[in-house]
Each structure stands twice: as structure tokens, then as C-alpha cells.
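Values in this document were obtained by computation on a predicted structure and should not be read as measured data.
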Number of protein chains: 2
Amino acid sequence: MTSTDAQPLRPTRQRKAVAAALEGCNEFRTAQQVHEALRGGGDTVGLSTVYRTLQAMADAGEIDMLRSDAGEASYRRCSDTHHHHLVCRSCGATVEVEGPTVEKWTRAVAEQHGYSEVSHTLEIFGTCSNC
Amino acid sequence: MTSTDAQPLRPTRQRKAVAAALEGCNEFRTAQQVHEALRGGGDTVGLSTVYRTLQAMADAGEIDMLRSDAGEASYRRCSDTHHHHLVCRSCGATVEVEGPTVEKWTRAVAEQHGYSEVSHTLEIFGTCSNC
DNA sequence: TGTCGGTTTGACACTGGTTCTCACCAGAAT
DNA sequence: ATTCTGGTGAGAACCAGTGTCAAACCGACA
């Protein structure tokens with residue numbers, strides 16, 4: 001029910017546009033920003049569609065989602081492997097980082113307290129050298 | 001400007017009530033839940049006041065705030081020292097954990113990429129032994 | 001190539017958490 | 001007691017995100 005219903009996800013004009021907007025972009029962008037960028041670029045894509053598409057892409061693991069301090073979701077094109085983000089607080093420039101030690105540590109701590117099915121979120125914020 | 005304007009934060013009936021609602025409670029609670037709990041307990045405190053108070057307490061470092069997957073803020077009475085949370089996905093039971101290794105690692109990674117003024121967020125989710 | 005059924009789209013209404021507003025209240029200072 | 005100042009709260013406003021539903025679209029198949 002939740003596994004083998006992977007519909008091919010038709011590559012419509014809108015979906016391509018959203019994907020393109022995220023391609024070649026190093027920062028996290030909110031749905032609204034993507035929407036505006038598309039509109040600015042001449043593509044007309046409905047806001048609902050942008051939301052839907054970003055969500056679908058995030059579900060499919062094609063992009064990563066994180067929540068800003070204010071609780072808004074933002075998205076970014078990312079590599080397939082599990083990783084975390086080092087985000088510049090002022091310009092948003094993002095570096096993907098891996099931390100095998102952290103992965104191990106979280107699992108160990110969780111199991112030690114009797115927690116199973118462990119997952120975690122980890123984001124690092126700082127000010128990048130350009131800012 | 002940002003340092004010595006620490007107003008004493010008058011201990012009004014409402015503030016005491018909010019603090020009490022969070023005391024002796026091991027889970028994270030949203031503002032609305034706190035509001036309802038107070039109302040149920042006979043205390044009448046306005047929703048705005050609950051929001052304001054929780055925010056003020058979080059700013060003052062008296063409580064911790066985290067955002068649910070859906071983007072809602074929830075709060076919890078916490079110890080003063082820097083720590084992270086191991087939260088049960090289904091019942092919300094929370095354990096505070098420390099990870100000196102992780103702290104070191106995040107700082108090292110950030111500096112290695114030229115990022116300064118480093119901070120980070122780390123939460124671990126799992127299913128606790130009771131669930 | 002024309003038709004057909006399911007998929008996708010998008011304008012718009014709606015939701016629900018959070019913040020704002022502003023008249024009123026309460027305790028401290030004078 | 002009066003004044004002064006911050007705190008309160010009911011309700012309105014705000015806004016990211018979701019639901020709705022008729023129309024547009026797509027790919028397949030005849």
C-alpha cells in the first residue's frame with residue numbers, strides 16, 4: 001500500500017520548471033521563492049503546483065527539505081546519500097557534510113535508552129567566509 | 001542594546017501558571033496544549049499570553065523549543081546546560097542527552113569550511129520502549 | 001490521426017497556528 | 001491616592017500551506 005504505488009511522475013512542463021529552478025542553485029529556497037523565481041523567469045506555474053511538486057520531490061528523495069527558524073519549509077537539490085547541511089546564516093550558502101561518527105553516536109544513544117527505529121535531524125549554522 | 005535590557009519579567013499569576021504547567025511534564029507541549037491544560041485546570045489565561053510567555057521563557061533560556069514536522073512549535077522545561085533531545089515519535093517522552101563528540105565535530109567541520117559563529121540543531125527521534 | 005481515461009493543473013476558498021492591536025487591568029513607585 | 005508602566009486578553013489580522021474541482025493535458029490505443 002505504501003510501497004509499490006510509485007507512479008512514474010509525469011515530466012510535465014511545470015515539473016521540469018520547478019526542477020530547473022532548483023538545479024544550479026546552492027541555497028535552500030522556499031516554495032514561494034521558487035514560485036516567484038519561475039514567474040520572474042516567464043514560466044507560469046501555479047502556487048499549489050509548486051507546493052505539490054516540491055513535496056513530491058522531497059518524498060521521492062530528490063531534494064532535501066528543512067524548516068527555517070520561523071517554521072517555513074525550504075528545499076534544495078541534494079545528493080542521494082545521507083548527509084547533513086552546513087548553512088550560512090546570512091547568505092544561505094550550503095555545504096553538504098557527512099558524519100559517520102554522529103550517525104553511530106545517535107543510534108547508540110537511542111538504543112541505550114531503549115528507543116528503536118531511530119532517525120535524527122542535524123543542521124549546522126554559521127557565517128561563511130564571504131559574509 | 002541587546003544585552004542590558006533584561007527586564008525582570010514580572011512573576012504574574014499567568015506567568016506562574018504557564019511555568020507550572022510545564023514543570024512536572026516530560027513531553028514537549030505546544031502553546032495550544034498548554035493553553036488548554038490551564039483552562040482545564042481552572043486557570044484562565046489568554047492564548048496570546050501563553051504564546052508571549054512561552055516565547056519569552058524560551059528567549060530567556062528557561063525552556064527549550066522545537067518544531068514538529070508540521071512546523072508547530074512545542075516547548076519543554078529543560079536543564080540549563082547545552083543538550084539535545086531524544087524524543088519518542090509516538091508518545092513524546094523525551095530524554096535529554098549530551099554529546100561532547102558531536103559538539104566538537106560540528107565545530108571542526110564548520111571551521112574547516114570557513115564558517116564561523118557556529119551553532120547547530122540536533123534532535124533524535126525514535127520509538128520508546130513503552131510504545 | 002482522433003478519441004478516451006486518468007493525471008495534472010491552477011484559481012480560489014479555506015484552515016490553523018501564530019502574531020498584532022488596543023482598550024483595559026494590576027502592581028510598584030511617587 | 002494618583003500616576004506610571006508593563007501585562008493582559010478578546011478578537012482581528014496574517015500567512016504558509018492545503019483542499020476543491022472544473023478544465024487542460026498527456027500518453028496510449030484504436
Side-chain angles (χ1 to χ4, degrees), chain A residues 4-22 27-60 62-76 92, chain B residues 1-2 4-22 27-60 62-76 92:
Chain A
T4 43
D5 57 355
Q7 287 148 49
L9 214 7
R10 284 190 204 162
T12 64
R13 173 181 68 81
Q14 289 88 340
R15 291 222 240 267
K16 279 185 220 154
V18 170
L22 245 37
E27 305 107 45
F28 278 86
R29 285 187 167 186
T30 66
Q32 317 245 8
Q33 285 171 332
V34 170
H35 179 239
E36 206 146 317
L38 289 174
R39 179 144 295 183
D43 280 307
T44 21
V45 180
L47 184 55
S48 317
T49 304
V50 173
Y51 272 109
R52 266 188 303 238
T53 306
L54 288 174
Q55 224 162 269
M57 291 173 81
D59 283 351
E62 289 170 42
I63 59 179
D64 275 5
M65 184 258 263
L66 74 75
R67 284 197 178 273
S68 79
D69 236 26
E72 292 144 47
S74 33
Y75 302 85
R76 177 172 180 278
Chain B
M1 271 191 190
T2 42
T4 44
D5 57 355
Q7 287 146 49
L9 213 7
R10 285 189 204 162
T12 63
R13 174 181 68 79
Q14 291 85 340
R15 293 223 240 266
K16 280 186 221 154
V18 170
L22 245 37
E27 304 105 46
F28 277 87
R29 286 186 167 185
T30 66
Q32 316 242 10
Q33 285 172 333
V34 170
H35 179 241
E36 206 146 318
L38 290 174
R39 178 142 296 182
D43 280 307
T44 20
V45 179
L47 185 53
S48 319
T49 304
V50 174
Y51 273 107
R52 263 188 307 238
T53 305
L54 288 174
Q55 225 161 269
M57 291 173 81
D59 283 352
E62 291 172 40
I63 59 178
D64 276 6
M65 186 258 262
L66 72 75
R67 285 199 179 270
S68 79
D69 236 25
E72 294 145 47
S74 32
Y75 303 85
R76 177 173 180 278

(message) Applying a 4.0 Å non-hydrogen cut-off, can you work out what A/Thr30 is touching in the nucleic acid: base, sugar-phosphate, or nothing?
(response) nothing
(message) Main chain of A/Thr53, side chain of A/Arg15: is a donor-acceptor contact present, judged purely on distance under 3.5 Å?
(response) no
(request) Send over the distance from A/Arg39 CZ to C/dT9 C1', rounded to a whole Å. (result) 13 Å
(message) If the cut-off is 4.0 Å, is B/Thr12 near the phosphate of D/dT8, judged by side-chain N/O to OP1 or OP2?
(response) yes
(message) Over all strands shown, is A/Arg52 touching base, sugar-phosphate only, or nothing at heavy-atom distances under 4.0 angstrom?
(response) base
(request) Rounded to the nearest angstrom, tell me the gap between atom CZ in A/Arg67 and atom P in D/dA16. (result) 13 Å
(message) Distance check needed: D/dC14 P versus A/Gln32 CD, whole Å only.
(response) 16 Å
(request) When you get a sec, tell me which of D/dA10, D/dT8, D/dG17 is the closest nucleotide to the side chain of A/Glu72? (result) D/dG17
(request) Would you check if A/Arg76 and A/Leu66 make a side-chain contact, meaning some heavy-atom pair closer than 4.5 Å? (result) no
(request) Determine: side-chain N/O of B/Gln14 to OP1/OP2 of D/dG9, distance under 4.0 Å, yes or no. (result) yes
(message) In this structure, how many angstroms lie between the P atom of C/dT8 and the NZ atom of A/Lys16, rounded?
(response) 14 Å
(message) Given the structure, check if the side chain of B/Ser48 and the base of D/dG11 hold any donor-acceptor pair shorter than 3.5 Å.
(response) yes
(message) With a 6.0 Å cut-off (strictly less than), is the heavy-atom count around CG of A/Asp59, excluding the residue itself, greater than 12?
(response) yes
(message) Contact between B/Arg13 and B/Asp43 at the side-chain level, heavy atoms closer than 4.5 Å - yes or no?
(response) yes
(message) Rounding to an integer number of Å, can you tell me how far B/His35 NE2 sits from D/dG9 P?
(response) 9 Å
(message) With a 4.0 Å cutoff (strictly under), does any side-chain N or O of B/Gln55 reach OP1 or OP2 of C/dT19?
(response) yes
(message) What is the separation between atom CZ on A/Arg29 and atom P on D/dA16, rounded to the nearest whole Å?
(response) 17 Å
(message) Rounded to whole Å, how long is the line connecting atom CD of B/Glu36 with atom C1' of C/dG17?
(response) 14 Å
(request) Remember a base hit wins even if backbone is also touched, and classify A/Ala73 as base, sugar-phosphate or nothing at under 4.0 Å, heavy atoms. (result) sugar-phosphate
(message) Base, sugar-phosphate or nothing for A/Thr49? Non-hydrogen atoms, less than 4.0 Å.
(response) base
(request) Please state how far atom CD in B/Gln33 lies from atom P in C/dT18, giving the value in whole angstrom units. (result) 11 Å
(request) Establish, with yes or no, whether the OP1 or OP2 oxygen of D/dT18 is under 4.0 angstrom from a side-chain nitrogen or oxygen of A/Tyr51. (result) no
(request) Taking only the side-chain nitrogens and oxygens of A/Arg13, find out if one of them lies under 4.0 Å from OP1 or OP2 of C/dG10. (result) yes
(request) Report yes or no: does B/His35 contribute a side-chain atom to a donor-acceptor pair with the main-chain N or O of B/Val45 at less than 3.5 Å? (result) yes
(message) For D/dC25 and A/Arg10 - does any side-chain N or O of the residue sit under 4.0 Å from the phosphate oxygens OP1/OP2?
(response) no
